[in-house]
Trainee: 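Take this structure first; my questions come after.
Every heavy atom of this structure was used, including side-chain atoms; hydrogens, water molecules and symmetry mates were not. In what follows, every chain begins at residue 1, and chains take the letters A, B, ... in the order their sequences are listed. What you are looking at is a predicted structure, and each value in this text was computed from that prediction instead of being measured.
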Amino acid sequence: MKVEREIKQSVTKGDILLIISLVALSVFLFALSFFGSNKELTVRVYSSSELVWESELSKAQGEKLFLDGCEIIIEKDGVYFSNSDCPDQLCVKRGKLRNSGDTMACVPKKVAVVLTHSKDKSKIDALTY
Amino acid sequence: MVLMNKKSRIFAVTAAVLCLSVIACGLWFYKERTERFASSEKMTVAMGTIVTQKVYSEYAGKDIEKINGIINALDDKISWRNSSSDIAKLNSEKNLNDAAIASYILKCNEVSESCGGVFDITVGEISKLWGIGETTQKVPEKSEIEFLLKDVGYENTEIKGNDITLKTDCSVDLGAVGKGIACDMAKSYLEASDANGAVISVGGSILAWGSYNKAGDPWKVAVRHPHKENEYIGVITLNEGFVSTSGDYERFFEQDGKRYHHILDAKSGYPAESGLASVSVVCSSGILSDALSTACFILGEEKSRPVLEKYGAGAVFIYSDLKISTVGDVSFEG
């Protein structure tokens with residue numbers, strides 16, 4: 001009882017605020033380390049089902065890939081087929097991939113490109129179309 | 001800064017440590033429950049489209065290869081373009097004995113009957129005539145369509161046991177349901193495997209199976225924006241099941257200022273005109289979700305309601321003006 005009384009007398013509102021602030025800061029830093037999002041996009045290029053090239057988008061901007069008659073260009077905000085010697089040209093018409101989960105392929109050439117978040121933190125599991 | 005005496009400092013530190021410990025335990029538990037299982041992902045080109053597989057399993061690489069083999073074998077069996085396929089054989093000889101093909105045709109015919117025949121797998125010759133998405137695409141003469149229409153009709157496929165006979169000069173095209181069948185077969189494989197969960201996309205027909213974490217959080221399947229190729233218009237959330245979409249943007253051409261898409265109304269032989277840009281169907285079978293998405297696109301929302309109800313399916317209808325409507329048991333957020 002004596003200890004409790006002494007604590008009541010000596011712990012002020014300022015002390016409580018200080019403790020709460022410290023706890024809140026610790027929780028914030030702790031949560032950040034657990035759930036910190038990774039917005040970095042990764043480009044993956046497949047040829048005949050095999051992964052043949054992979055890089056983070058930001059580190060590959062300006063790159064041009066030539067693969068099985070396809071030309072793939074990587075820019076700051078996305079990736080696209082700029083050229084292909086396939087008959088239908090659907091891959092070229094597809095335009096630029098910009099978001100995680102976007103995919104496109106040159107079916108005749110069996111070349112595919114997928115854009116995904118580096119650490120699989122994408123909110124989307126699949127795209128129906 | 002307020003100074004504390006020794007006892008109050010001990011109290012404060014103990015309280016802070018206790019609080020942090022409780023919160024840390026809670027966060028660890030939450031992370032442990034929600035963190036995704038180990039997985040492997042692979043993209044392949046099969047069935048003339050992109051196949052992406054993400055399998056949450058210790059042996060995901062092996063599972064992916066097995067499923068890949070299953071999909072390729074199915075393509076060899078049902079593609080009418082492959083002259084040695086069972087479907088090509090059925091179309092040329094008008095007869096085939098095959099249990100799997102018979103079951104696919106029966107299931108499709110059941111949907112055809114439910115929707116008054118607007119969806120029909122015997123429309124193959126008319127699809128070839130239009131050639132939409134091919135170099136030969138053109139608007140056919142009305143007389144050409146009428147000539148072929150007389151042979152079209154699901155009732156012209158006679159099935160006795162595993163024996164299939166085509167009673168007219170029609171040809172069977174399982175293209176509208178092939179991707180869904182592939183998803184069904186992937187599910188059968190996964191159920192017998194050690195995998196925890198998987199999401200398989202065969203050209204946009206989706207199988208979401210099992211779980212990707214201990215908490216069993218639902219899968220999120222984005223629905224493509226009908227007017228913007230690289231964007232999605234909303235997200236379907238589901239615990240498990242199949243999602244298929246039929247849209248007028250997938251294959252089309254324009255002639256004399258008019259747009260012709262590839263989803264044909266089997267009753268008229270012309271592209272469906274229901275005012276819809278796309279329909280996404282969620283149900284418990286891949287072949288059904290594929291068949292129903294096509295049928296509902298042709299029928300339009302109101303006529304689709306009883307069909308969807310019959311199969312316990314849900315659907316998201318997106319109109320050409322981007323108005324969105326949901327029917328049945330489907331969780332969609334636009």
Side-chain angles (χ1 to χ4, degrees), chain A residues 3 6-20 22-23 26-27 30-31 33-35 44-46 48-51 78 80 87-88 90 93-99 101-116 120-129, chain B residues 1-5 7-9 11-13 15-16 19-20 23-24 27-28 30-31 36 39 41-46 48-52 54 68 133-135 199-201 203-208 212 219-224 229-232 235-236 243-245 247 249-250 278 280 293:
Chain A
V3 173
E6 276 180 16
I7 289 171
K8 272 184 186 168
Q9 283 166 355
S10 56
V11 178
T12 65
K13 281 183 183 172
D15 295 333
I16 292 166
L17 271 177
L18 180 68
I19 293 166
I20 291 172
L22 281 171
V23 170
S26 307
V27 169
F30 201 58
S33 68
F34 261 122
F35 307 115
R44 290 192 184 124
V45 180
Y46 297 81
S48 297
S49 307
E50 295 304 319
L51 180 66
Y80 62 97
D88 55 19
L90 289 174
K93 291 174 193 162
R94 175 84 161 83
K96 197 181 276 186
L97 304 188
R98 297 172 196 274
N99 303 308
D102 284 353
T103 54
M104 66 178 163
C106 180
V107 174
K109 297 286 173 182
K110 297 201 169 188
V111 174
V113 177
V114 62
L115 202 55
T116 181
D120 192 25
K121 299 236 174 180
S122 166
K123 289 176 182 169
I124 301 303
D125 295 297
L127 176 72
T128 182
Y129 51 89
Chain B
M1 177 72 68
V2 181
L3 295 173
M4 297 187 257
N5 65 25
K7 279 177 184 166
S8 61
R9 273 205 304 274
F11 167 78
V13 170
C19 280
L20 276 177
I23 291 163
L27 285 172
W28 178 85
Y30 177 77
K31 192 189 175 210
R36 289 180 179 241
S39 67
E41 189 172 9
K42 191 162 187 177
M43 176 187 279
T44 53
V45 176
T49 187
I50 304 172
V51 177
T52 52
K54 186 156 193 176
N68 215 28
E134 312 281 336
T135 49
V199 60
I200 314 282
S201 167
S205 291
I206 311 291
L207 160 67
Y212 57 80
W219 301 94
K220 290 186 183 301
V221 177
V223 177
R224 201 203 111 149
E229 197 157 26
N230 294 325
E231 290 183 21
Y232 56 85
V235 176
I236 292 170
V243 186
S244 300
T245 297
Y249 46 79
E250 189 70 359
S278 76
S280 299
S293 67

Trainee: Mind checking the NZ-CZ spacing from B:Lys42 to A:Arg44? Nearest 0.5 Å is all I need.
Mentor: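 Those atoms lie 13.0 Å apart.
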Trainee: Over all heavy atoms of both residues, which pair between B:Arg224 and A:Leu127 is shortest? Give the atoms and the distance, please.
Mentor: N-CD1, 3.9 Å
Trainee: Looking at A:Ala105 and B:Val45, what are the two nearest heavy atoms and their distance?
Mentor: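 Nearest heavy atoms, A:Ala105 then B:Val45: CB-CG2, 4.4 Å.
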Trainee: Under the side-chain contact (heavy atoms from CB on, under 4.5 Å) test, which residues partner B:Ser205, sequence neighbours left out?
Mentor: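 B:Ser205: side-chain contact (heavy atoms from CB on, under 4.5 Å) contacts with B:Lys179, B:Cys183, B:Ser244, B:Asp290.
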Trainee: Checking A:Lys109 against chain B: side chain, backbone, both or neither under 4.5 Å from a heavy atom?
Mentor: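 Neither the backbone nor the side chain of A:Lys109 comes within 4.5 Å of chain B.
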Trainee: So how far is it from A:Tyr46 OH to B:Thr52 OG1, rounded to the nearest 0.5 Å?
Mentor: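 One finds 9.0 Å between OH of A:Tyr46 and OG1 of B:Thr52.
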Trainee: So what's closer than 4.5 Å to chain A heavy atoms on B:Ser280: side chain, backbone, both or neither?
Mentor: side chain
Trainee: Please check this pair: side chain of A:Asp125 against backbone of B:Lys220, looking for a donor-acceptor N/O pair closer than 3.5 Å.
Mentor: yes
Trainee: Under a 4.5 Å cutoff for heavy-atom pairs, which residue among B:Gly203, B:Gly48, B:Ser201 has the most contacts with chain A?
Mentor: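 Option with the greatest count: B:Gly203.
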Trainee: In chain order, what residues pass the salt bridge (Lys or Arg N to Asp or Glu O under 4.0 Å) check against A:Lys96, with sequence neighbours excluded?
Mentor: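 Testing A:Lys96 for salt bridge (Lys or Arg N to Asp or Glu O under 4.0 Å), a comparison that skips the adjacent residues, returns A:Glu75, A:Asp77.
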Trainee: Given a strict heavy-atom distance threshold of 4.5 Å, which part of B:Val235 is in contact with chain A: side chain, backbone, both, or neither?
Mentor: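 The answer is the side chain of B:Val235.
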Trainee: So how far is it from B:Glu231 CD to A:Asn99 CG, rounded to the nearest 0.5 Å?
Mentor: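 Atom-to-atom, B:Glu231:CD and A:Asn99:CG are 7.0 Å apart.
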Trainee: Checking A:Val45 against chain B: side chain, backbone, both or neither under 4.5 Å from a heavy atom?
Mentor: neither
Trainee: Chain A heavy atoms under 4.5 Å from B:Ile206: which part of the residue, side chain, backbone, both or neither?
Mentor: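 Contact with chain A involves the side chain of B:Ile206 alone.
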Trainee: If you take all heavy atoms of B:Ile50 and A:Met104, which pair is closest and at what distance?
Mentor: CD1-C, 3.6 Å
Trainee: A quick test of your reading: do over 12 heavy atoms of other residues, nucleotides or ligands sit less than 6.0 Å from OH of B:Tyr232?
Mentor: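 No, the 6.0 Å shell around OH holds no more than 12 heavy atoms from other groups.
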Trainee: Give, as side chain, backbone, both or neither, the part of B:Val199 having an atom under 4.5 angstrom from any heavy atom of chain A.
Mentor: side chain
